[in-house]
Student: 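The structure follows.
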Amino acid sequence: MNDNTFRIGLCMAGAVSAGAYTAGVMDYLIEALDAWEERKRNNVPGTPSHKVEIPVMGGASAGGMTALMAGLAMREPMRHIERWEDVQSGAAAENRLYNAWVNLTGDDVTARMLARDDMDDGGAYSLLHSGFIDEVARDALNPRNGARFDRPYISKSLKIFATLSNLYGMPYSVAFRADASAEERSHHIISRHNDYGCFQYPDPDGLTSPGWMPYDPHSPEGRELIANTAMATGAFPVGLRARKIQRNADALRMHPWFSEVMRGAIPGLPPFPGNAYDALFVDGGMINNEPFEKVADILRSTGDHQPEAERRDYSKCRSTVLMIDPFPSEMPEPESRPDDGILSTAGATLGAMLGQVRIKPEHLIDAMNSDDAGQYLISPTRHYNGKKISGKHALACGSLSGFGGFLSHSFRIHDFFLGRANCERFLREHFTIPEKACNPVLENGYAKIDPEAMKPFRRKDGTLQIIPIFSEARAGRYAPVYSNGSLWPSISEEKIRSYRKPLSKRIDRLVKNASGTSGTDRFLLSIGMWVLINRKATGAVLDTCISQLREWEQLGADSTI
């Protein structure tokens with residue numbers, strides 16, 4: 001009860017290329033916590049004395065990738081990207097999150113995604129070439145030389161996880177009473193596909209909690225496992241290549257999140273056979289895109305073991321879940337309702353399946369309660385031409401279901417800086433607790449600060465900042481001005497149309513490899529019906545890109561800085 005620490009569990013939702021936004025949020029969050037720790041270390045007067053600790057980070061897809069990258073970034077010195085001048089001065093090279101999500105491979109990523117050398121072996125693995133993801137993941141998880149940098153607010157036993165969609169499935173049985181003897185009864189077999197890649201900072205002896213694999217990017221084996229998990233959680237189904245991971249089977253058997261699988265293990269058909277368990281995975285966001293219930297689960301078992309009712313009460317809470325969601329749920333538009341045509345029905349069916357498998361009613365109801373201290377949300381907001389724009393349309397990377405950011409470097413730059421700006425405003429204005437609640441952690445932390453020094457931390461609505469912000473609120477633009485004269489980046493229709501030839505060639509190779517045609521059959525296919533089909537498919541893809549970019553008001557001159 002005398003604990004002066006407030007614990008924050010970070011949940012990072014799926015985002016595809018808008019992972020640049022999540023990276024920006026994380027960059028500012030770490031910067032704010034670093035600034036606070038430095039003031040405490042130097043005994044600067046007027047510094048709140050309470051502590052913040054992050055015991056868990058988890059996410060799906062791009063969010064899971066960011067969490068796994070941040071696990072290494074937060075153990076190293078870090079130059080933050082406050083303004084465009086920091087990028088020009090070389091800070092980006094020392095900022096793993098910016099370098100991974102904004103710079104990517106440093107060239108035309110779209111051209112890389114349309115290359116065809118991934119099919120040279122005769123296979124067809126994904127609509128888009130995924131090789132650039134291998135390069136980014138391995139570079140982002142490659143440790144630098146030098147001593148480890150410990151941040152006091154990062155738990156020494158930090159848990160990091162990413163959701164996975166297991167295509168092999170984990171079989172187990174559920175017992176039902178039936179009109180048969182025990183020997184005659186057959187198993188009611190269920191195959192579970194929601195999976196998790198779970199890591200933890202090991203203690204000095206290399207030990208972790210049961211079921212959690214050591215987060216060890218300094219060893220080649222550990223780095224490979226973390227990188228493969230990062231690539232698997234971001235393997236957008238069909239669009240990007242599915243990934244295989246080999247994990248320690250004993251760790252999976254011991255993990256509490258797989259307890260029902262182990263309880264229902266079928267004799268002769270164990271869910272995790274052998275010493276090493278291999279499986280094939282796609283995007284973790286397909287099944288669980290916002291795993292805040294798992295983050296909350298870890299918070300409940302960490303530190304003070306606070307009851308759930310107290311964690312939701314402003315006057316008693318000592319922990320909360322902070323979710324970063326670039327694509328928060330939005331009200332469906334009436335005109336988007338499907339008709340009864342076969343293509344419309346097929347698309348709507350897939351959407352219904354994914355929506356239903358992800359739904360967590362009891363958690364969503366709690367999350368909508370603004371009086372609940374148990375969860376907070378950072379999501380995109382920007383102002384443009386006098387309008388406030390929220391949700392996916394606030395993101396430059398938001399078009400094409402989040403793939404739009406791969407079209408332009410300037411789109412990713414915008415979203416990184418928007419993430420930083422949104423995080424600053426959120427921590428300053430919204431990540432607060434009512435002062436009248438007399439929360440013991442904040443009450444003790446602010447107890448010795450005189451009224452004048454309290455002004456920056458006390459909001460007009462009578463709340464106190466959980467993470468105190470010492471800088472002045474920044475006025476004016478949050479991002480660089482682009483060559484189009486605007487804060488909002490654009491791309492030309494000519495640039496999009498320039499991808500017609502490589503797109504057509506990739507589609508052609510995909511179909512030929514997938515169909516297994518060769519020789520005369522392949523020749524006839526290429527000069528016959530396939531010519532027409534390819535032309536229509538290529539045109540449809542490019543037209544969709546242009547249509548969505550026009551909807552996002554991003555079609556114009558190619559913007560640079």
Side-chain angles (χ1 to χ4, degrees), residues 13 15-28 62 81-88 92 95 97-98 101-104 106 108-110 324-328 330 333 378-426 429 473-499 542-561:
V16 196
S17 66
Y21 176 85
T22 304
V25 171
M26 287 297 295
D27 186 52
Y28 186 82
I81 313 295
E82 296 184 49
R83 52 188 64 84
W84 180 244
E85 289 73 19
D86 294 323
V87 177
Q88 295 173 307
N95 187 306
L97 299 177
Y98 183 94
W101 279 111
V102 180
N103 289 339
L104 293 177
D108 188 340
V109 179
T110 307
I324 307 166
D325 195 348
F327 293 104
E330 298 176 352
E333 300 175 3
I378 302 178
S379 60
T381 301
R382 65 180 172 92
H383 290 81
Y384 185 64
N385 289 338
K387 297 183 296 183
K388 181 180 179 181
I389 303 170
S390 300
K392 63 184 180 183
H393 284 277
L395 295 170
C397 298
S399 62
L400 301 172
S401 300
F403 277 84
F406 294 129
L407 294 172
S408 173
H409 184 218
S410 62
F411 291 3
R412 303 189 298 274
I413 291 171
H414 173 276
D415 285 0
F416 181 90
F417 281 102
L418 181 65
R420 280 186 52 89
N422 283 179
C423 185
E424 177 180 357
R425 182 173 177 81
F426 170 80
E429 302 288 345
R474 189 174 301 175
R477 57 190 178 91
Y478 58 85
V481 175
Y482 297 96
S483 56
N484 61 7
S486 171
L487 291 175
W488 187 236
S490 58
I491 190 170
S492 67
E493 183 172 341
E494 181 183 8
K495 179 68 173 177
I496 301 300
R497 297 289 183 193
S498 72
Y499 293 119
L542 295 177
D543 288 345
T544 298
C545 288
I546 290 167
S547 174
Q548 287 220 6
L549 290 168
R550 185 174 285 115
E551 179 188 346
W552 252 255
E553 299 182 4
Q554 287 181 296
L555 207 60
D558 289 320
S559 57
T560 57
I561 299 176

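If you're wondering where the values come from, they're calculated on a predicted model, not measured in any experiment.
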Student: Under 3.5 Å, is there a donor-acceptor pair between the side chain of D86 and the main chain of R83?
Tutor: yes
Student: Ignoring hydrogens and angles, tell me if any N or O in the side chain of N103 forms a donor-acceptor pair with the backbone of A92 under 3.5 Å.
Tutor: no
Student: Would you compute the distance between atom CZ of F417 and atom CD of E82 and round it to the nearest 0.5 angstrom?
Tutor: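 Spacing of CZ (F417) from CD (E82) equals 10.0 Å.
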Student: I'd like to know if the side chain of R550 reaches the main chain of L555, judged simply by a donor and an acceptor atom lying under 3.5 Å from each other, with no hydrogens or angles considered.
Tutor: no
Student: Could you work out, with side-chain contact (heavy atoms from CB on, under 4.5 Å) as the rule, every residue matching L487, not counting sequence neighbours?
Tutor: R477, V481
Student: Just say parallel, tilted or perpendicular for the rings of Y384 and W488, cut-offs at 30° and 60°.
Tutor: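 The arrangement is tilted - the two ring planes meet at 30° to 60°.
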Student: Salt bridge between D415 and R420, side-chain N to carboxylate O under 4.0 Å?
Tutor: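 Answer for the salt bridge query: no.
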Student: Indicate whether the side chain of D558 and that of S492 have a donor and an acceptor atom separated by less than 3.5 Å.
Tutor: yes
Student: Is it the case that more than 12 heavy atoms not belonging to R425 sit under 6.0 Å from its CZ atom?
Tutor: no
Student: Give a yes or no answer on whether the side chain of Q554 reaches the backbone of A396 with a donor-acceptor pair at less than 3.5 Å.
Tutor: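 Checked: pair present.
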Student: Taking atom CZ of F426 and atom OH of Y28, what is their separation to the nearest 0.5 Å?
Tutor: 12.5 Å
Student: Please check this pair: side chain of S17 against backbone of G402, looking for a donor-acceptor N/O pair closer than 3.5 Å.
Tutor: yes
Student: Quick check against the 3.5 Å criterion: does S490 have a side-chain atom that pairs as donor or acceptor with the backbone of A557?
Tutor: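 Checked: pair present.
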Student: Checking Y499 side chain against T110 main chain: does a donor-acceptor pair fall under 3.5 Å?
Tutor: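 No; judged by distance alone, with no hydrogens or angles, the pair does not exist.
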Student: Backbone N or O of K495 within a donor-acceptor pair of the S498 side chain at under 3.5 Å?
Tutor: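 Yes, S498 side chain to K495 backbone: donor-acceptor pair under 3.5 Å.
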Student: Decide if atom CD of E85 counts as having more than 12 heavy atoms of other residues, nucleotides or ligands within a radius under 6.0 Å.
Tutor: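 Yes.
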Student: Could you tell me whether the side chain of P489 reaches within less than 4.5 Å of the side chain of I413, counting heavy atoms only?
Tutor: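 Of all side-chain heavy-atom pairs linking P489 with I413, none is under 4.5 Å.
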Student: Would you check if the side chain of R382 reaches a backbone N or O of A394 as a donor-acceptor pair within less than 3.5 Å?
Tutor: yes
Student: What distance separates N422 CG from S379 OG, expressed to the nearest 0.5 Å?
Tutor: 7.5 Å
Student: Could you state the interatomic distance from CG (D325) to NZ (K392), rounded to the nearest 0.5 Å?
Tutor: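 Output value for this atom pair is 12.5 Å.
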Student: When you measure from the side chain of Q548 to the backbone of S399, do you find a donor-acceptor pair of N or O atoms at a distance under 3.5 Å?
Tutor: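 No.
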Student: To the nearest 0.5 Å, how far apart are CZ in R497 and CD1 in I546?
Tutor: 3.0 Å
Student: When you compare the side chain of Y98 with that of D27, does any pair of heavy atoms fall below 4.5 Å?
Tutor: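 A side-chain contact under 4.5 Å is absent here.
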Student: With heavy-atom distances below 4.5 Å as the criterion, would you say the side chains of E553 and H393 are in contact?
Tutor: no
Student: Answer yes or no: is there a side-chain heavy-atom contact under 4.5 Å between F406 and V16?
Tutor: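 Counting from C-beta outward, F406 and V16 do come under 4.5 Å.
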Student: Test side-chain contact (heavy atoms from CB on, under 4.5 Å) on I561 and Q88 and set out the steps.
Tutor: CA-CA 11 Å; I561 299 176; Q88 295 173 307; 5.6 Å; no
Student: Would you say that L549 contacts L407 through its side chain, given a criterion of any heavy-atom pair below 4.5 Å between the two side chains?
Tutor: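 SC-SC contact between L549 and L407 confirmed.
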